[in-house]
Structure formats: C-alpha cells, structure tokens
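Report on the structure given below.
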Amino acid sequence: QLHIVQSGGGLVQPGGSLRLSCTTSDDKLDNYAIGWFRQAPGKEREAISCINSSGGSNYADSVKGRFTISRENVKNTVYLQMNSIEDEDTAEYYCGVDTWGATCEGQRLGREYEYDSWGRGTQVTVSS
C-alpha cells in the first residue's frame with residue numbers, strides 16, 4: 001500500500017475556508033482515482049468527493065457547491081478546497097487512493113472498500 005500524507009486540517013469558523021492536501025512519494029497518483037471521506041464522532045465514515053484520472057469529479061449532496069476537489073499532477077497532490085464551511089463539517093477527513101483506477105466514474109463517489117491506500121486523517125473542527 002502507498003504511504004499517503006495528508007495536511008491542511010485545523011480549527012475554522014463557520015463560513016470560513018480550508019484546503020486539505022493528499023500526496024505520496026511512493027508512486028505517481030496521475031492514473032489513480034482519489035476519494036475524500038469524513039467521519040464525525042459516533043458517525044459512519046461517508047464519502048464526500050472523488051476525482052478520477054481524467055480530472056472528472058463527483059460530490060456528495062452535503063458538500064456540493066461548497067467543496068471543490070482538484071489535482072495538481074506536477075506536485076503529485078490532490079486537494080479538497082472547503083468553502084462556506086458549516087458546523088456539520090466537523091469531522092476527521094481521510095484521503096483514499098484507488099490504485100486499481102476503477103472508481104469515480106460517471107456519477108459514482110466510490111465506496112470505502114474500493115480505496116486500498118489511506119491517509120491517517122486530518123481533523124477539521126468548526127467552531128466560533
């Protein structure tokens with residue numbers, strides 16, 4: 001499995017913005033689908049966004065219009081830009097990599113089991 005490194009979490013006020021990053025030095029991510037998941041305390045991990053090797057992206061309804069996923073291949077990094085952050089966005093955010101490259105096609109977000117490499121997570125806490 002790839003060693004996935006995440007960064008960008010922290011404390012943010014409602015209405016604020018954060019950008020999360022996901023990268024690895026083990027392999028090129030260009031041909032892999034990348035997913036962002038989040039898990040709030042006592043809740044199930046949920047898929048919120050994904051991006052495929054062509055740059056196509058999908059979003060859960062809960063974040064659509066507020067979050068943007070992107071990839072910068074020269075930096076081997078995938079980002080999650082979080083805007084208009086709400087209290088309900090408080091969670092641990094995880095980056096998953098599908099080295100099989102078969103997820104995030106069409107309107108699919110991909111399921112947790114489809115991602116075989118994971119970052120350790122980064123905490124996003126929304127508080128005023």
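Nothing fancy with the numbering, it's 1 onward along the sequence. All values below were derived from every heavy atom in this structure, side-chain atoms included, with hydrogens, water molecules and symmetry-related copies excluded.
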Tell me every residue that passes salt bridge (charged side-chain N to carboxylate O under 4.0 Å, His left out) with [X], counting only those two or more places apart in sequence or in another chain.
| X | result |
| --- | --- |
| Glu92 | none |
| Lys64 | Asp61 |
| Asp87 | none |

Quiz prompt | Ile34-Tyr115 co-clustered via ILVMFWY side chain contacts under 4.5 Å | solution = no
Quiz prompt | ILVMFWY cluster, Ile4 and Val124 together (side-chain gap under 4.5 Å) | solution = yes
Spatial distance of atom [atom1] ([X]) from atom [atom2] ([Y]) [nearest 0.5 Å]:
| X | Y | atom1 | atom2 | value |
| --- | --- | --- | --- | --- |
| Trp36 | Cys22 | CH2 | SG | 5.0 Å |
| Ser25 | His3 | OG | NE2 | 7.0 Å |
| Asp89 | Ile48 | CG | CD1 | 8.0 Å |
| Met82 | Tyr93 | CE | OH | 3.5 Å |
| Trp100 | Asn31 | CH2 | CG | 15.0 Å |
| Arg111 | Phe37 | CZ | CZ | 8.5 Å |

Quiz item: Which residue pairs satisfy the salt bridge (charged side-chain N to carboxylate O under 4.0 Å, His left out) criterion with at least one member in residues 45-59, sequence neighbours excluded?
Solution: Arg38-Glu46, Arg45-Glu112
Quiz item: Restricting to pairs with a member in residues 5-27, which pass salt bridge (charged side-chain N to carboxylate O under 4.0 Å, His left out), not counting sequence neighbours?
Solution: none
Between [Y] and [X], is there a side-chain heavy-atom distance shorter than 4.5 Å?
| X | Y | answer |
| --- | --- | --- |
| Gln6 | Tyr94 | yes |
| Leu29 | Arg71 | yes |
| Ser127 | Leu11 | yes |

Any side-chain to backbone donor/acceptor pair from [X] onto [Y]? Under 3.5 Å, distance only.
| X | Y | result |
| --- | --- | --- |
| Thr68 | Gln81 | no |
| Thr122 | Gly9 | yes |
| Thr90 | Val126 | yes |
| Thr24 | Leu2 | no |
| Asp98 | Thr103 | yes |
| Thr23 | Asn76 | yes |
| Gln1 | Asp116 | yes |
| Asn52 | Tyr32 | no |

Can you name the closest pair of heavy atoms from [X] and [Y] and give their distance?
| X | Y | value |
| --- | --- | --- |
| Ala60 | Ala47 | CB-O, 3.6 Å |
| Ser49 | Leu80 | CB-CD1, 4.3 Å |
| Lys43 | Gln39 | O-NE2, 3.0 Å |
| Asn83 | Ser17 | OD1-OG, 2.8 Å |

Self-check item: Derivation and outcome, side-chain hydrogen bond (donor to acceptor under 3.5 Å, both in side chains), residues Glu72 and Tyr79
Solution: CA-CA 8 Å; Glu72 191 170 3; Tyr79 304 100; 3.2 Å; yes
Exercise. For the pair Asn58 and Ile69, evaluate side chain to side chain contact (heavy atoms under 4.5 Å, CB included) and give the outcome as yes or no after the intermediate values.
Key: CA-CA 8 Å; Asn58 296 316; Ile69 191 170; over 6 Å; no
Exercise. Kindly indicate, with the supporting measurements, whether the criterion side chain to side chain contact (heavy atoms under 4.5 Å, CB included) is fulfilled by Ser7 and Leu20.
Key: CA-CA 6 Å; Ser7 62; Leu20 309 183; over 6 Å; no
Practice problem: Mind running side chain to side chain contact (heavy atoms under 4.5 Å, CB included) on Leu18 and Ile85 for me, showing each step along the way? | Solution: CA-CA 8 Å; Leu18 285 175; Ile85 288 175; 4.2 Å; yes
Quiz item: In chain order, what residues pass the side chain to side chain donor-acceptor pair (under 3.5 Å) check against Tyr59, with sequence neighbours excluded?
Solution: none
Quiz prompt | Leu109 and Cys104: CA distance, side-chain angles, deciding distance, side chain to side chain contact (heavy atoms under 4.5 Å, CB included) verdict | solution = CA-CA 5 Å; Leu109 280 171; Cys104 203; over 6 Å; no
